[in-house]
Peer 1: 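Structure below; questions to follow.
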2 protein chains.
Amino acid sequence: MDTKKKVSLAVIRRLPRYFRYLSDLLQMDITRISSKELSARMGITASQIRQDLNCFGGFGQQGYGYNVESLYKEISNILGLNNDYTTIIIGAGHMGQALANYGNFEKRGYKLIGIFDVNPELVGRKIKDIEISHMDTLEDFIKNNKVDIAMLSVPFEQTRCVADKVAGLGIKGLWNFSPMDLKISYDVVIENVHLSDSLMVLGYKINEKLKESKQQKTIKTSKHSK
Amino acid sequence: MDTKKKVSLAVIRRLPRYFRYLSDLLQMDITRISSKELSARMGITASQIRQDLNCFGGFGQQGYGYNVESLYKEISNILGLNNDYTTIIIGAGHMGQALANYGNFEKRGYKLIGIFDVNPELVGRKIKDIEISHMDTLEDFIKNNKVDIAMLSVPFEQTRCVADKVAGLGIKGLWNFSPMDLKISYDVVIENVHLSDSLMVLGYKINEKLKESKQQKTIKTSKHSK
DNA sequence: ATACTCTTGTTATTTTATTGTCAATATTGC
DNA sequence: GCAATATTGACAATAAAATAACAAGAGTAT
């Protein structure tokens, strides 16, 4: 009986990083890598790498390390990159267009098959050979095509409504770009991308650094304080 | 002597979320909130909320809870949202344009003052009253203007080079959209946004869910297995 | 004013994540 | 082929994060 316990999200979120580094190694024609060497490149401990990988199976070999290509493939599989997911973009504004034009997703097996918007100025225009359709046609489209993932780049106010709609139509995953924590009752997986949150964290870090350097100066100039 | 120990990044990354929820509460004219109620809204424990906030000071009051407006302001301050950071965008491709057109950043005190690209087709065009300048003018621009943050949306291959350049010119923070872990020796703070990583995690989650439901079916149909 | 309720800030506990250690075993060099 | 070296996977130890517990104090109702 399969009693392997659920792998923590912390580990999962590191997998794409491993994937990227392995991809780089492949490009450099490096065929084998030890956890120690990878650890040096990635700036994390070798122990963590071995432990992470062992959540999914013993991909390495004692005295040798890991074979780059096969580890790469293993991680691809774990991430489901060979599943050939189909995607649609809902909201063809600037962010939606940026997503549509970003080629890397296709390369990883995410095939864009539809773009939708309510704006009549946008409907009919083409992005990468895909014509932007009106939102009214969304329901029929999803019913007639297998759509795995919807990328949501609609205005904040419409996000919840659109999300509920596509969730009800049987979409498997939502990639949400609105600054809200989408929660859906349906059986849909959600990944939120909160750009503003990320920018705020950057702001915080800068702020901290500034405070630090100010404190440094204070310490240097006021030698009389205890 | 200020001996408060560094607040963990895990806490910091939750601050923008608190900020968002408080912002919502303000809009709903809710003036006070208890950790318990906020916990119910956010789906995290009340204990965590209290502990997080207490990293920065006792903003609450026993028997009352937290005053929404003043907590909102406190968190704004912690995040440095009142610092009026200036930003530039390097790389005016689709993602750069999306960033330039995203109004929320301005609202939070991030003022866009320059956009740069190498493409002569783009140079001279205006986005939101800001003319796209050629990369050759970047150095002078940074020397003549206080630029806090550079948003990097240049092609993968050029990212490292551009990052090093602006870091050397005294920029405080980098917001990196390339799928690489930027590391800079200079005194620059970096926040990476890895969209592909996020999409891969979504793929993983979908994959997991699929496997789960398949397993469910197996269990249901094969009652003879032990 | 008094009793009772609510809710914080803090400390204790539990859980989760990371790091360190080491026996087992494959590889490498001679 | 044998000794020396390298490196994993498993597990133990440590560190960090999340949760629970609770005393103390403020708010509320009567």
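Since we're looking at a predicted model, the values are computed, not measured. Below, read A as the first sequence line, B as the second, and so on, with proteins coming before strands; counting in each chain starts at 1.
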Peer 1: Does B:Asn77 form a side-chain hydrogen bond (donor to acceptor under 3.5 Å, both in side chains) with B:Asn82? I'd like the steps, not just the answer.
Peer 2: CA-CA 6 Å; B:Asn77 264 322; B:Asn82 305 315; 3.0 Å; yes

Peer 1: Using distance only, find each side-chain donor-acceptor pair of residues 62-70 of chain B under 3.5 Å and give its atom names and separation, not counting sequence neighbours.
Peer 2:
unit_1	atom_1	unit_2	atom_2	d
B:Asn67	OD1	B:Glu69	N	3.1
B:Asn67	OD1	B:Ser70	N	2.9
B:Glu69	OE2	B:Lys73	NZ	3.4
B:Ser70	OG	B:Asn67	O	3.4

Peer 1: What does the inter-axis angle of the helix from C:dA1-D:dT30 to C:dC30-D:dG1 come out as, five pairs per end, nearest 10 degrees?
Peer 2: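 Comparing the axis at each end, I get an angle of 30°.
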
Peer 1: From CG of B:Asn54 over to P of C:dT7, roughly how many Å is that when rounded to an integer?
Peer 2: 16 Å

Peer 1: Please name the pair of heavy atoms, one in B:Lys172 and one in A:Leu210, separated by the smallest distance, quoted to 0.1 Å.
Peer 2: CE-CD2, 4.3 Å

Peer 1: B:Arg32 vs B:Glu37, test: salt bridge (Lys or Arg N to Asp or Glu O under 4.0 Å). Steps then yes/no.
Peer 2: CA-CA 10 Å; B:Arg32 58 182 271 193; B:Glu37 202 184 322; over 6 Å; no

Peer 1: B:Gln51 has an atom CD; how far is it from atom C1' of C:dT7, in whole Å?
Peer 2: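 In whole Å, C:dT7 C1' and B:Gln51 CD are 16 Å from each other.
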
Peer 1: Would you kindly give the CZ-to-P distance between A:Phe56 and D:dT8, to the nearest whole Å?
Peer 2: 17 Å

Peer 1: Measure CD1/A:Ile49 against P/C:dT19 and give the value in whole Å, please.
Peer 2: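 Atom CD1 in A:Ile49 sits about 11 Å away from atom P in C:dT19.
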
Peer 1: Could one point to a donor on the side chain of B:Gln62 or the base of D:dA24 with an acceptor on the other under 3.5 Å away?
Peer 2: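 When only heavy-atom distances are counted, B:Gln62 does reach the base of D:dA24 through a donor-acceptor pair under 3.5 Å.
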
Peer 1: Where along residues 63-74 of chain A does a heavy atom come under 4.0 Å from DNA chain D, residue by residue in number order?
Peer 2: A:Gly63, A:Tyr64, A:Gly65, A:Tyr66

Peer 1: Which atoms form the tightest heavy-atom contact between B:Lys146 and B:Ile113, and what is the distance?
Peer 2: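 In this case the closest contact between B:Lys146 and B:Ile113 is O-CD1, 3.8 Å.
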
Peer 1: Check whether any side-chain nitrogen or oxygen of B:Ser35 sits under 4.0 Å from OP1 or OP2 of C:dT8, and answer yes or no.
Peer 2: yes

Peer 1: If you assign A:Gln61 and A:Val11 each to the DNA chain C nucleotide with the nearest heavy atom, which residue ends up on the more 5' nucleotide?
Peer 2: A:Val11

Peer 1: Donor-acceptor pair under 3.5 Å: do we get one between A:Arg50's side chain and the base of C:dT21?
Peer 2: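 Counting by modelled atom types and ignoring angles, a donor-acceptor contact under 3.5 Å is found here.
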
Peer 1: What is the separation between atom CG on A:Leu9 and atom C1' on C:dA17, rounded to the nearest whole Å?
Peer 2: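 Going from A:Leu9 (CG) to C:dA17 (C1'), I get 13 Å.
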
Peer 1: Between C:dT19 atom C1' and A:Lys36 atom NZ, what is the distance in whole Å?
Peer 2: 16 Å

Peer 1: Considering residues at least two apart in sequence or located in another chain, which fulfil the side-chain contact (heavy atoms from CB on, under 4.5 Å) criterion with B:Asn207?
Peer 2: A:Asn83, A:Tyr85

Peer 1: Looking at B:Ser178, is its backbone amide N or carbonyl O close enough to the side chain of B:Asn176 to form a donor-acceptor pair, meaning the two atoms are under 3.5 Å apart?
Peer 2: yes

Peer 1: Which residues within residues 12-30 of chain A lie with some heavy atom under 4.0 Å of an atom in DNA chain D?
Peer 2: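 Within this stretch, nothing sits under 4.0 Å of the strand.
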
Peer 1: Taking atom P of C:dA26 as reference, at what distance in whole Å does atom CZ of A:Arg32 sit?
Peer 2: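 So the CZ-P distance, A:Arg32 to C:dA26, works out to 15 Å.
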
Peer 1: For a quick check of understanding: with a heavy-atom distance under 4.0 Å over all strands, which category does B:Ser34 fall into, base, sugar-phosphate or nothing?
Peer 2: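 The answer is sugar-phosphate, as B:Ser34 gets under 4.0 Å only of primed atoms, P, OP1 or OP2.
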
Peer 1: Between A:Thr45 and C:dT19, is there a contact of a side-chain N or O with OP1 or OP2 at under 4.0 Å?
Peer 2: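 So the side chain of A:Thr45 is within the cut-off, an N or O lying under 4.0 Å from OP1 or OP2 of C:dT19.
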
Peer 1: Are any of A:Ser8's side-chain N or O atoms less than 4.0 Å away from OP1 or OP2 of C:dT16?
Peer 2: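 For C:dT16, OP1/OP2 do not have a side-chain N/O of A:Ser8 under 4.0 Å.
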
Peer 1: Can you check the A:Gln48 CD to D:dG9 C1' distance for me, whole Å?
Peer 2: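 Rounded to whole Å, this separation is 16 Å.
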
Peer 1: Does B:Phe19 have any ring pair (Phe, Tyr, Trp, His ring centres under 6.0 Å) partners at least two apart in sequence or in another chain, and if so, which?
Peer 2: B:Tyr72

Peer 1: Test ring pair (Phe, Tyr, Trp, His ring centres under 6.0 Å) on B:Trp175 and B:Phe105 and set out the steps.
Peer 2: CA-CA 13 Å; B:Trp175 203 27; B:Phe105 303 149; 5.5 Å; yes

Peer 1: Nearest heavy-atom pair of B:Ile184 and B:Ala167: which atoms, and what distance?
Peer 2: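 Heavy atoms of B:Ile184 and B:Ala167 come nearest at CG2-CB, 3.7 Å.
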
Peer 1: Specify the closest pair of heavy atoms between A:Met180 and A:His194, including all atoms of both residues, with the distance to one decimal.
Peer 2: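 Distance-wise, the nearest heavy atoms are O-CE1, 3.0 Å.
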
Peer 1: Write down the atom of A:Asp148, the atom of A:Asp84, and the distance for their closest heavy-atom approach.
Peer 2: OD2-O, 4.1 Å

